[in-house]
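Inspection log for the structure reproduced underneath, given as structure tokens.
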Amino acid sequence: EERPSESQEPIKISADRLLVNEKQGVSRYQGNVLVNQGSLQLQGEQIEIVHPGNQLQKIEILGKPARFQRVDASTQNLTRGEAEKIIYQADKDILTFIGNARVEENGKHQISGSKLVYDLQKQTLQAQSDSQKQNRVEVILVPEQKNK
Amino acid sequence: MRLTPSKLLISTLTLAAVAIWTNVWLESSQKEQVSDIAATLKEATWQFSETQIWRPGIETESNTLNFTAGQIRYQQNRELSHIDQLVLVDFRQNSLNLISSQVAVLDPQFNITLSQNVRFSHYAQQDETPAWQQQIQLTGEQFTYNNPQRRLTSSQPVTITQLYAVTEAGSLSADLTNGEWLFSDGVKGTIQPQTMAKDDK
């Protein structure tokens, strides 16, 4: 499986500022934040990285919107996503999109809802609606073009 | 990149130590020097060259400070003003903090400007072995430590090197009392995630 080797690749980060609060033990990158790890790319206004004992545990991105992009090395499928908040959990290799979430694959299939959970390992996508706001899940599947 | 809090805090305590050290050192060494020099010199700047004061410097209950300096200059009115090739080591329980710079200039309030190849390094002993490992290092070309406000600033690029991460920033403003470090003017970092040991999964 390709992901485990990719998740050990260096994480490159750039931002306008980095605020470290020692007492809370938190580091926040702010302003035009861009994170790259292998083919995974995350973008937003603020990012918080938690990696106790240098084990990457979680990356949390806030943005207007926060964006995600990744090219699957084997299928060359481009998957893109955006939401008000994106959370990457390293141990499960899962991305969670929260708030006006939308994920699009290869510029064709698109799914949107209040919360989407994308499993990078299994390549599965789970959508949840937000019962209070009646924000329903919407799926758009674009059929393959038949050769004429 | 998450700067390991305790380690950075210990590094910054060293800065407070610099101010205390200069104060305490001056008191302890004045008495020996003043009597024989002052009588012969009117307007004098006392200079010590190739100073190697690596004897157990200043002992306090929590740490021991030792230092070497290429050259120390202080004014007749006993204000330490200028230190070249400063290396200050602050030994604590099983950790060690080190500050070094080509030049350190002090003012009467013990505000310190460190310039040229400035390093703040924190070392820790590796689980009961004699080996010391550098945990975190902050480097740059100029840092100013405001003693009354306990603020460390640099208007020039700085670099933070940890065991598995390196971060560069255009400037720094740190409030050492509240432990808040703001790196600005563009930040670039690289973290090398560590392979989890099998049983960690």
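Every chain is numbered from 1, with letters handed out A, B, ... down the list of sequences. Heavy atoms only: backbone and side chains are in, while hydrogens, waters and symmetry mates are out.
The shortest distance between side-chain heavy atoms of A/V20 and B/E180 does not fall below 4.5 Å.
Enclosure of atom CZ in A/R80 is not indicated, since only 12 or fewer non-hydrogen atoms of other residues, nucleotides or ligands lie within 6.0 angstrom.
The most heavy-atom pairs under 4.5 Å with chain B, out of A/G31, A/A15, A/S14, come from A/A15.
For the atom pair B/W181 CH2 and A/L18 CG, the distance stands at 11.5 Å (nearest 0.5 Å). For the atom pair CG (B/L182) and CD (A/Q30), the distance works out to 8.0 Å, reported to the nearest 0.5 Å. Rounding to the nearest 0.5 angstrom, the gap separating the CZ atom in A/R17 from the OG atom in B/S173 is 13.0 Å. Here the CD1 atom belonging to B/I191 is positioned 4.0 Å from the CD1 atom belonging to A/I13, to the nearest 0.5 angstrom.
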side-chain contact (heavy atoms from CB on, under 4.5 Å) between B/F183 and A/D16, worked out: CA-CA 9 Å; B/F183 298 89; A/D16 295 341; over 6 Å; no
